[in-house]
Number of protein chains: 2
Amino acid sequence: MNPVTPNQTTSDATGVAAASGQPSPTFSPLYQQIKGLITQSLQSGEWKPGEMIPSEVELANRFKVSQGTVRKAIDELAAENLVMRRQGKGTFVSTHHEARAHFRFLRLMPDEGVPHYPESTFIEVKRLRAPAEVARLLDLKSGDAVVYIKRVQNFDGVPTIVEELWLPGLIFKGLTAERLNEYKGPMYGLFESEFGTRMIRAQEKIRAVCAEAGDAALLRVAAGTPLLCAERVSFTYGDKPVELRRGLYLTERHHYQNDLI
Amino acid sequence: MNPVTPNQTTSDATGVAAASGQPSPTFSPLYQQIKGLITQSLQSGEWKPGEMIPSEVELANRFKVSQGTVRKAIDELAAENLVMRRQGKGTFVSTHHEARAHFRFLRLMPDEGVPHYPESTFIEVKRLRAPAEVARLLDLKSGDAVVYIKRVQNFDGVPTIVEELWLPGLIFKGLTAERLNEYKGPMYGLFESEFGTRMIRAQEKIRAVCAEAGDAALLRVAAGTPLLCAERVSFTYGDKPVELRRGLYLTERHHYQNDLI
DNA sequence: GAGTGGTCTAGACCACCCG
DNA sequence: GGGTGGTCTAGACCACTCG
C-alpha cells in the first residue's frame with residue numbers, strides 16, 4: 001500500500017497516489033490511512049463488538065505494510081477506546097457489555113462506598129416529532145421522527161437520576177418500553193446489540209438547576225432542590241450524533257467525577 | 001542501557017539478569033525507565049518550563065538506547081502534557097504560560113461566544129492551620145500551615161466564580177495578596193514561575209448546591225440560587241497533592257464542559 | 001543546509017496466553 | 001509449542017523550521 005499523497009515508501013508500486021501525480025496539499029501518513037481502513041471495517045460490522053480482529057501480522061499482510069505501521073494505527077484506535085489490546089490473546093472490538101466500559105459514560109459516583117450500576121425504571125417511551133432544538137443537535141430536520149425516553153435511575157433503591165433521551169427514529173425503530181424493561185445492563189449495550197449503533201464518545205455540558213415539581217417528586221426531594229443538569233450529545237462512527245440526553249442528578253450522596261489531565 | 005529485570009539500570013552490556021536467572025517478578029520496559037529518568041530531570045528543574053529539552057538523538061546517546069526507545073518515552077510524556085512536541089523545532093517543557101494550557105484546568109465555558117479567561121479579584125489571603133479535612137486531602141498533618149485564598153472571577157465584568165484555595169504553607173511561603181494582584185494570567189503560571197510547583201493533573205468532584213448568603217452577594221444573585229460546586233485536588237510530580245480548591249460556578253450563562261472519550 | 005521531530009521498514013527477541 | 005501483542009534496535013527517508 002502506498003500513501004495517498006506523494007510519498008516515498010519503497011515497497012510496492014500499485015498505490016492509489018501514483019495515479020494522481022499531485023503535490024502534497026494534504027499529507028496523510030500511511031498509518032492514518034490504515035487506521036481509517038480498520039475503522040471502516042469496525043463500522044461496517046466486519047468485526048463485531050467483543051470479537052477479535054485479525055492479528056497485526058495478518059493485517060500487515062492484507063494492507064501490504066509493515067507490522068509497525070499497523071501497530072501504530074491500532075495504538076490510536078486503542079487510545080480512542082475503539083478496540084482493546086490484550087497481550088498474548090489479541091485485539092478485540094470494544095463493547096459496552098463490560099464492567100470496564102460502564103463507567104466511561106456514567107460519571108456519577110457515590111461519596112462513600114464502591115461505584116455500582118443503578119437500576120432503571122422507565123417512566124415514558126414514545127415516538128414524537130423532533131423539536132427544533134433536538135433536531136439541530138442530532139443533525140436531523142425539524143419534525144423528523146425521534147424516540148423519546150424518560151426514566152429514573154436508583155442506587156440501592158434511592159432514586160438519584162432523572163433522565164430524558166431523544167434518539168433518531170430511523171435508527172431506533174422498534175425501541176419500546178417492553179424491550180427496555182426486559183434488558184438488563186446499560187442502555188448502550190442494548191443500542192449496540194439490538195440497533196447496531198455504538199456510542200464512541202460524547203460531549204457534556206453541565207449546569208446547576210433547581211428541581212421542578214415533577215422531577216422533584218420522582219427523586220423524592222423538595223421542589224427547588226439543587227440538581228446537576230448534564231446535557232449530553234453522543235456520537236457514533238464518523239462523528240455522527242445519535243443521542244441527546246438530559247440528566248438531572250441528585251448530588252446529596254453522589255458527585256460527578258472528573259479527571260483533568 | 002538495559003532493563004531493570006532481567007537487569008539493572010546500568011549502561012553496560014552484562015546485565016544482572018544472567019546472574020539471577022529468575023523469572024521477572026516486576027518487569028519494567030526500558031522506555032518506561034527512560035521516561036522516569038526524563039521525568040526526574042523535569043522535576044529537578046534541569047529543563048525549565050518553556051525550555052527545549054535535548055533532542056531525541058542526544059537523549060538516546062546519553063542513555064545509551066536507540067532513538068526509538070527515547071521516542072516512545074517522550075510520546076507518553078507528551079500524552080500526559082508534561083512536554084510538547086513541535087515538529088522541526090524540538091520538544092519543550094510544558095508551561096502554564098500559554099493560551100493552550102489555560103483551558104485545561106478551566107472548564108467553565110460561555111454558552112455563547114468564544115471562551116476567554118476571567119479576571120480575578122482577591123477577597124482574602126491569609127495563613128492558617130490546616131483543618132483536618134484539608135490536611136487529609138493535601139497529605140499534611142492536621143494543624144500544619146496552609147495558605148488560604150478566596151477570590152471572585154469575572155467574565156466581562158460579571159462575577160461568575162467564587163473560589164477558595166488551600167495550599168501547603170511550606171511550598172507557598174511568601175504568597176501574598178500583593179503578589180497575586182500584581183500577577184497577570186492564571187494562578188498556575190504564578191505557582192510555576194515563582195514557587196517552582198507545576199500542577200500536572202487534577203481530580204474534580206462536582207455537585208449542585210444552593211448559594212449561601214455570602215457567596216450569593218459576591219456573585220450578585222439571590223441566596224439559594226443553584227451553583228455548581230467543584231472540589232479539586234491538584235497534583236504535581238510524583239502524584240503529590242499540592243492544591244485544594246473549592247469553586248462555586250454560576251451557570252446561568254456558562255456551563256462546565258466535559259468530553260467523554 | 002543543518003537540525004528537529006515524524007514516518008516506515010525489517011528483524012530480533014520477550015512476555016503472555018492457551019491448548 | 002505456537003500464536004498474540006509488547007519491546008528494542010538500526011537505518012532510511014520525509015516534513016517542518018530556521019538561519
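Labels below follow one simple rule: chain letters A, B, ... track the order of the sequence lines, proteins then strands, and each chain is numbered from 1.
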Exercise. Look at all strands and tell whether B:E56 reaches a base, only sugar-phosphate, or nothing, counting heavy atoms closer than 4.0 Å.
Key: sugar-phosphate

Self-check item: Point-to-point distance, once rounded to the nearest 0.5 Å, from CD of B:Q257 to CG of B:L106
Solution: 11.5 Å

Quiz item: Do A:L175 and A:F191 come within less than 4.5 Å of each other through their side chains, counting heavy atoms only?
Solution: yes

Quiz item: Hey, does A:V242 have a side-chain heavy atom less than 4.5 Å from the side chain of A:L167?
Solution: no

Quiz item: Over how many whole Å does the gap from B:K72 atom NZ to D:dG5 atom C1' extend?
Solution: 10 Å

Quiz item: Given atom CD1 of B:I38 and atom P of C:dG5, what is their separation to the nearest angstrom?
Solution: 11 Å

Quiz item: Does some side-chain heavy atom of A:V83 sit less than 4.5 Å from a side-chain heavy atom of A:L42?
Solution: yes

Quiz item: Does A:T91 have a side-chain nitrogen or oxygen under 4.0 Å from the phosphate oxygens OP1 or OP2 of D:dG5?
Solution: yes

Practice problem: Write down the distance between CZ (A:R71) and P (C:dC14), rounded to a whole number of angstrom. | Solution: 17 Å

Exercise. Round to a whole Å and report the spacing from CG of B:D75 to C1' of D:dC8.
Key: 14 Å

Quiz item: When the ring planes of B:Y256 and B:Y249 are compared, do they come out parallel, tilted or perpendicular, using 30° and 60° as the limits?
Solution: perpendicular

Quiz item: Over how many whole Å does the gap from B:Q67 atom CD to C:dT4 atom C1' extend?
Solution: 9 Å

Self-check item: Nearest-Å distance for atom pair CG/P, residues A:L30 and D:dC14
Solution: 14 Å

Self-check item: Ranges pairing with ranges for DNA chain C, where each run has three or more Watson-Crick or G-U pairs under 3.5 Å
Solution: C:1-18 with D:1-18

Practice problem: Give a yes/no on whether any side-chain N or O of A:K89 is located under 4.0 angstrom from OP1 or OP2 of C:dC18. | Solution: yes

Quiz item: Which word best sums up how the rings of B:F105 and B:Y188 line up, parallel for under 30°, tilted for 30 to 60°, or perpendicular for over 60°?
Solution: perpendicular

